[in-house]
2 protein chains.
Amino acid sequence: MTGGGPSSANSSQPEEVCLVCQDISTGYHYGVPSCNGCKTFFRRTIMKNQTFTCQFQKKCPVDKSVRCACRHCRFEKCLQVGMDRNAIQQNRDPIGYTKRTRRYPPIKKIEASEECSPNMMSESDRNEDNFLATLTATEEKCKRLRLSEYMPTRTLIEAVVSPCLLYDDQFMAEHGEPSPRHSYKDLRFATQVDYHYWHERDWFVMIEWAKTLPVFQALTFPDKLALLRHSAITYPSLVHVFNSPDHGLDTIVFPDGAYFDRTPEPTRPLGFNKKKYQMLDQLLKPIRQMSIDTTEFSAFKAIFFLNPDADDVDATAKKILSDGRSAITNALYRYMVKNKGAEDAGDRFGRLLLLGTVLATMAVEMKEAVLVADFFDQIKFSMFAKQLLFGIKTENA
Amino acid sequence: MTGGGPSSANSSQPEEVCLVCQDISTGYHYGVPSCNGCKTFFRRTIMKNQTFTCQFQKKCPVDKSVRCACRHCRFEKCLQVGMDRNAIQQNRDPIGYTKRTRRYPPIKKIEASEECSPNMMSESDRNEDNFLATLTATEEKCKRLRLSEYMPTRTLIEAVVSPCLLYDDQFMAEHGEPSPRHSYKDLRFATQVDYHYWHERDWFVMIEWAKTLPVFQALTFPDKLALLRHSAITYPSLVHVFNSPDHGLDTIVFPDGAYFDRTPEPTRPLGFNKKKYQMLDQLLKPIRQMSIDTTEFSAFKAIFFLNPDADDVDATAKKILSDGRSAITNALYRYMVKNKGAEDAGDRFGRLLLLGTVLATMAVEMKEAVLVADFFDQIKFSMFAKQLLFGIKTENA
DNA sequence: ACCATAGGGTCAAAGGTCTC
DNA sequence: GGAGACCTTTGACCCTATGG
């Protein structure tokens with residue numbers, strides 16, 4: 001009962017797509033290379049003798065993505081590409097049909113494990129996605145550590161080489177509780193001391209966070225320092241923006257209620273007000289508007305922390321960083337496709353990555369140690385902070 | 001529509017409850033055993049692109065009795081148990097009234113209202129993609145103009161307000177031919193004069209190019225100047241990198257055979273060698289390795305030219321720029337999906353956008369007029385260039 | 001007598017409809 | 001205007017008849 005199609009043996013390409021909708025063809029059906037869907041659609045329509053009405057101008061496009069949108073135009077297209085209604089067998093002798101035997105795996109076992117059918121995803125892809133989950137979990141730990149009372153006194157070297165506190169369960173059990181000092185009832189305008197305090201805390205957390213990254217672990221000590229110094233200004237800014245309670249698009253609030261907004265502060269150095277506006281206009285606003293979630297934030301933070309183009313990074317480290325960054329970028333992209341939809345993922349992904357130019361700009365503008373010192377009004381830094389901002393040797397600064 | 005669910009009547013237990021609300025499941029929906037309500041809720045939410053806000057702590061319980069209490073938490077639960085938004089399909093052809101007594105007359109009769117084909121691609125999407133084609137065509141014209149002999153003498157103001165030469169067919173016919181001076185047989189090490197020459201040419205082309213962009217046309221004159229100044233360093237660098245004939249990853253060659261490479265030039269100012277390395281390591285290498293095509297390049301150039309975060313850009317212009325940039329980003333993304341495959345598009349798109357951080361860094365580093373002057377060794381600029389680099393008022397510089 | 005091809009059937013899981 | 005019970009449609013996957 002074959003249809004009459006020329007099943008040309010050579011068949012290279014043209015037979016591989018459905019002439020109706022361009023989906024992958026499953027062979028000739030009713031004389032035309034076509035997909036399962038169009039084949040079944042055509043048969044049903046003929047057999048039920050259905051008639052459809054186009055809601056528009058009978059010119060609707062028909063392709064894989066919209067083939068169900070207009071049945072009239074789909075059926076017309078079927079006829080137009082040559083599907084043969086005479087190939088439909090109105091009454092096939094129902095001899096010997098068996099009930100469909102159940103073949104599928106009877107269970108899916110959602111179980112405590114998780115999702116993800118293990119089909120077309122590569123091993124490395126899965127690793128990347130696991131890594132994203134780990135990043136997110138780490139971010140939650142960072143939030144706890146940030147709000148805690150704990151604040152070590154140590155040199156930058158000690159901080160970098162010491163074991164990571166975030167994965168020290170005993171430490172986190174002891175010190176992971178939010179400090180009562182890090183909550184608020186009323187807002188108060190942030191003073192110099194507040195900026196100083198939260199920068200020191202976030203530098204502390206930044207290093208603990210960095211130490212959890214496998215890519216960071218793979219670097220030499222000088223390269224680690226180069227990265228940390230490169231992110232010394234942008235990391236705390238990002239954290240302040242993302243974790244600020246929502247008091248409007250013009251206000252950034254620290255956990256203890258200290259806040260800043262657009263109020264000009266003329267007694268501050270020039271760069272200070274500019275940076276406030278950058279944080280509000282170029283970071284807070286887009287991040288709020290996009291409703292970035294913790295996973296996206298943690299990936300974003302890592303992507304821009306692992307910057308192969310940071311100053312003083314060694315050539316071999318560049319490669320490691322570039323690959324590591326790429327892995328996270330890919331994982332983030334897949335996460336967005338899965339959770340925000342393939343349609344919106346491109347836009348969202350693009351917007352998020354473009355925020356990187358803001359960070360790069362801030363990083364360069366604040367790069368000069370003299371600017372940093374100026375920005376903080378020459379406030380007394382801890383030894384740790386001095387080493388981070390001005391370099392290890394400057395123990396005397 | 002793959003089967004997969006066990007419809008076996010006896011079927012033990014776990015499959016029978018909705019993983020979102022524990023109600024009785026009506027089968028797998030969007031990948032998860034779920035009830036009719038949660039299934040419909042998920043679909044509606046996605047299709048209407050709704051966002052909900054939790055009134056409490058985003059920890060609301062979700063079960064059969066309270067599933068409607070907090071839509072935010074219900075939707076989160078849907079995602080959390082693994083409902084797959086990619087399983088949501090496009091709109092289908094309306095099915096007609098089902099046999100519960102009809103209420104309203106069956107007129108739909110949109111009639112010849114207008115175009116409106118139910119394609120999944122929105123009107124704006126198609127416009128975006130046309131725009132990408134236009135951008136690419138413009139880029140080809142820019143290449144011709146760049147290689148031509150023509151070089152006007154005019155002020156920056158005149159350049160910005162004059163009609164665009166690229167779409168002046170008569171002009172392009174007369175002046176669009178490559179100059180013999182812009183070809184080479186042998187390479188020669190670039191001198192200060194060469195840098196100067198090609199920067200002036202590319203600034204000229206940059207402005208003609210900018211004037212073709214609808215988004216640019218929509219800006220006020222001061223905003224136009226702000227954008228041009230912001231890109232004054234990065235635009236020529238990008239063009240030099242992308243159009244350089246391939247003489248290896250360590251060499252950038254101008255059309256007339258002048259080249260530079262890693263050879264240190266100690267007599268140059270400090271920023272000079274650093275910028276050379278940036279161009280080679282951070283732009284040339286990735287751009288070559290990715291084999292960026294002209295369409296991608298032209299979109300990339302536009303995305304980073306239309307920078308809402310450039311200094312001195314007005315607040316209303318920011319919005320225009322942000323929307324315009326987003327449109328190009330989306331078009332670029334769709335282009336990559338279409339031409340490089342959905343699998344690789346994410347990675348490729350990410351890599352390209354991340355190059356923006358390099359541009360941002362270069363832009364800031366060279367921002368200070370004094371640095372620019374230093375970079376070019378105080379060479380004599382044209383009036384045009386002085387105005388571009390140092391501002392309109394500085395006619396006397 | 002293969003066995004690849006192309007018919008038809010099945011049903012889980014999409015989407016739409018309509019009442020509350 | 002949202003929720004969800006109830007409806008139709010879709011199409012991946014199955015089985016089988018046919019003819020080279």
Side-chain angles (χ1 to χ4, degrees), chain A residues 1-9 11 15 18 20-21 23-48 50 52 64 67-69 71 74 83-84 86-104 106 108, chain B residues 1-8 15 18 20-21 23-48 50 52 64 67-69 71 74 83-104 106:
Chain A
M1 191 122 323
T2 166
S7 66
S8 51
S11 86
E15 292 80 39
C18 169
V20 179
C21 75
D23 197 358
I24 294 167
S25 153
T26 60
Y28 278 73
H29 303 292
Y30 315 113
V32 168
S34 42
C35 68
N36 238 317
C38 291
K39 161 191 125 174
T40 312
F41 171 77
F42 186 73
R43 169 163 40 89
R44 261 200 304 257
T45 304
I46 301 287
M47 294 190 58
K48 296 203 269 179
Q50 283 177 294
F52 305 118
K64 175 174 163 52
R67 64 189 175 203
C68 293
R71 289 176 293 171
R74 188 183 192 181
M83 278 195 177
D84 177 7
N86 299 314
I88 302 282
Q89 307 160 354
Q90 281 290 350
N91 278 313
R92 171 179 284 210
D93 189 5
I95 262 178
Y97 264 95
T98 60
K99 265 308 200 213
R100 182 185 197 166
T101 51
R102 182 132 276 115
R103 294 283 287 270
Y104 328 80
K108 204 174 178 181
Chain B
M1 300 354 155
T2 165
S7 77
S8 51
E15 296 80 36
C18 167
V20 179
C21 75
D23 196 357
I24 294 169
S25 154
T26 60
Y28 278 73
H29 303 292
Y30 313 110
V32 167
S34 42
C35 69
N36 232 314
C38 291
K39 160 193 135 178
T40 311
F41 171 77
F42 186 72
R43 169 158 43 89
R44 261 200 299 257
T45 304
I46 301 286
M47 291 190 66
K48 300 208 283 193
Q50 285 176 296
F52 305 120
K64 178 172 164 51
R67 66 189 173 199
C68 294
R71 289 184 295 169
R74 188 185 192 180
M83 278 195 175
D84 177 7
R85 60 191 312 149
N86 296 312
I88 302 279
Q89 302 173 350
Q90 299 297 324
N91 280 346
R92 289 200 187 160
D93 202 15
I95 238 167
Y97 297 94
T98 51
K99 67 179 176 215
R100 285 171 275 189
T101 57
R102 69 179 48 168
R103 295 297 283 260
Y104 13 94

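Labels below follow one simple rule: chain letters A, B, ... track the order of the sequence lines, proteins then strands, and each chain is numbered from 1. Computed from a prediction, not measured in an experiment: that's the story for all the values here.
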Practice problem: Give the rounded distance in Å between these two atoms: OH of B/Tyr30 and C1' of D/dT10. | Solution: 13 Å
Quiz item: Among the nucleotides C/dG15, D/dC13, C/dA13, which one has an atom lying closest to any side-chain atom of B/Gln89?
Solution: C/dG15
Quiz item: Touch check for A/Lys48, heavy atoms < 4.0 angstrom, all strands: base, sugar-phosphate only, or nothing?
Solution: sugar-phosphate
Self-check item: Minimum-distance nucleotide (side-chain atoms of A/Arg74 versus C/dA6, D/dA5, D/dG11)
Solution: D/dG11
Practice problem: Check whether any side-chain nitrogen or oxygen of B/Arg92 sits under 4.0 Å from OP1 or OP2 of D/dT9, and answer yes or no. | Solution: no
Quiz item: Nearest to the side chain of A/Gln50, which nucleotide is it out of C/dG16, C/dA6, D/dT9?
Solution: D/dT9
Quiz prompt | Which nucleotide in D/dG11, D/dG4, C/dA14 has an atom nearest any side-chain atom of A/Arg44 | solution = D/dG11
Quiz item: Taking only residues two or more places apart in sequence or in another chain, which ones pass side chain to side chain contact (heavy atoms under 4.5 Å, CB included) with B/Thr45?
Solution: B/Phe41, B/Gln50, B/Phe52, B/Phe75
Exercise. Remember a base hit wins even if backbone is also touched, and classify A/Arg71 as base, sugar-phosphate or nothing at under 4.0 Å, heavy atoms.
Key: sugar-phosphate
Quiz item: Looking at the side chain of A/His29, which of C/dG7, C/dT10, D/dC6 is the nearest nucleotide?
Solution: C/dG7
Quiz item: Any side-chain N or O of A/Arg67 less than 4.0 Å from the OP1 or OP2 oxygen of D/dG11?
Solution: yes
Exercise. Return the minimal non-hydrogen interatomic distance between B/Gly37 and B/Arg74, and the atom names on each side.
Key: C-NH2, 3.4 Å
Practice problem: Among D/dG11, C/dG7, D/dT9, find the nucleotide with the atom closest to the side chain of A/Cys68. | Solution: D/dG11
Quiz item: Rounded to the Å, how far apart are B/Ile88 CD1 and C/dA13 P?
Solution: 14 Å
Practice problem: Side chain of B/Phe41 only, please: which of D/dA12, C/dG9, D/dA3 is the nearest? | Solution: D/dA3
Quiz item: Counting side-chain heavy atoms from C-beta on, which of C/dG8, D/dG4, D/dT10 comes nearest to A/Arg43?
Solution: C/dG8
Quiz prompt | side chain to side chain contact (heavy atoms under 4.5 Å, CB included) partners of A/Asp84, counting only residues at least two apart | solution = A/Asn86, A/Ala87
Quiz item: Which sits closer to the 5' end of DNA chain D, B/Asp93 or B/Asp23, going by the nucleotide each is nearest to?
Solution: B/Asp23
